[in-house]
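Below you'll find the structure, written out as structure tokens, and then a few comments.
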Amino acid sequence: MSGPAKKVWLANMERKAPEAAELWDAITELQLEHWELQWRPELFKALERLKQAGIPRKAWPQSRHWDWRAKAQAFEGMLALPGYSVMCAGVTQGLMILDVASQRCRIESQRGKDLVYVKFVENAPWNRAELLYDPPRYRGVGSILIRAAIERSLREGFKGRVGLHALPQSDDFYGKTCGMTDMGNDPDPEFQGMRYFEMTFEQSEVFIAKGKRP
Amino acid sequence: MYYTPSFRLIFYTLSVYKVPMSEKRTMTLNLTDAEMRVLEELSNKKDLSKTAVLRQALRLYQLVEARIEKGEKFFFEDDKTKEKAEVMML
């Protein structure tokens with residue numbers, strides 16, 4: 001980790017109370033162990049539940065195939081691809097890998113300018129309502145990670161500009177909760193029709209102000 | 001008179017120096033007029049500081065090198081014609 005963990009807060013939905021958490025600017029062996037030993041078994045159970053509930057396979061989260069160990073190893077030491085994680089109650093609650101070098105803005109007003117691109121982001125299975133956790137254990141992990149991407153963008157001199165391709169189940173989160181501009185389906189076959197979302201400086205300010213509201 | 005522009009650069013340090021990654025180290029970079037002009041043009045075009053431009057250049061260079069070392073090729077593709085041109089890395 002490049003610096004001390006940042007204190008953040010998650011909403012504990014079982015206790016209906018805020019709970020102190022940490023934002024790490026790293027993905028270490030500890031987080032990868034949690035992914036292997038806690039996330040994966042929980043995800044298999046959740047997929048079994050989706051199957052029992054008759055939810056069609058195409059509606060299952062596409063991230064179910066992600067291998068965070070392979071991703072972390074592939075990007076280890078790469079200055080362009082920093083990792084982040086959210087820790088709460090001693091367990092990894094969210095993981096994210098950014099690309100801070102190779103992507104450019106698409107919105108006309110900022111076209112061609114550098115931005116922070118969210119390459120991969122995932123919430124722990126027990127925090128996801130779409131996996132039929134009722135209630136999900138923690139809320140706020142996604143917002144904390146998007147906030148971290150905005151802060152990284154500000155620190156790099158990119159003025160809060162952030163972009164990402166969303167998995168279908170997350171379209172509403174990025175469009176409505178985060179207030180990003182929905183640029184529609186990306187025609188590039190690499191993205192399999194995923195929608196591309198982008199955040200301007202002004203949108204990043206609104207998002208940050210929303211997080212400060214009591 | 002021959003003039004070599006220079007300015008102060010701040011980079012994230014490498015872990016081999018055994019100091020935390022967030023600590024920054026300062027170096028002086030000497031550039032030719034032509035190099036400085038390009039740096040200034042990129043800095044203006046990208047709305048980034050010169051330090052930020054050089055950081056981006058370093059990150060991209062490392063990214064490209066890592067993929068080429070793995071045996072991959074570096075292409076540019078024309079968005080309209082889909083024509084690909086390989087960038088030769090020597």
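Below, each value reflects all heavy atoms present in this structure, side chains not excepted, and no hydrogens, waters or symmetry copies. No experiment lies behind these values; they were computed from the predicted model shown.
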- Query: For A/E76, does the CD atom sit with more than 12 other heavy atoms under 6.0 Å from it, leaving out its own atoms?
  - Reply: no
- Query: Near A/R64 CZ, under 6.0 Å, is it more than 12 heavy atoms from other residues, nucleotides or ligands?
  - Reply: yes
- Got a donor-acceptor contact below 3.5 angstrom from the B/Q56 side chain to the A/E156 backbone? no
- Between B/L63 and A/S102, the two heavy atoms sitting closest are CD2-CB, 4.2 Å
- Query: What pairs meet the salt bridge (charged side-chain N to carboxylate O under 4.0 Å, His left out) rule with one or both residues in residues 188-197 of chain A, with sequence neighbours excluded?
  - Reply: A/D182-A/R195
- Closest heavy-atom pair and its distance - A/M78, B/A66: CE-CB, 3.8 Å
- Query: So with a 6.0 Å cut-off around CZ of B/R67, is the heavy-atom count from everything else above 12?
  - Reply: no
Quick one: side chains of residues 79-92 of chain A, donor-acceptor pairs under 3.5 Å with protein atoms, not counting sequence neighbours, listed by atom name and distance.
residue, atom, partner, partner atom, Å
A/Y84, OH, A/R152, NH1, 3.2
A/S85, OG, A/A26, O, 2.7
A/T92, OG1, A/H34, ND1, 2.7

- Taking all atoms of both residues into account, what is the closest heavy-atom pair of B/Q62 and A/G77, and its distance? NE2-O, 2.9 Å
- Pairwise distance CZ(A/F158) to CG(B/D47) - rounded to 0.5 angstrom: 11.0 Å
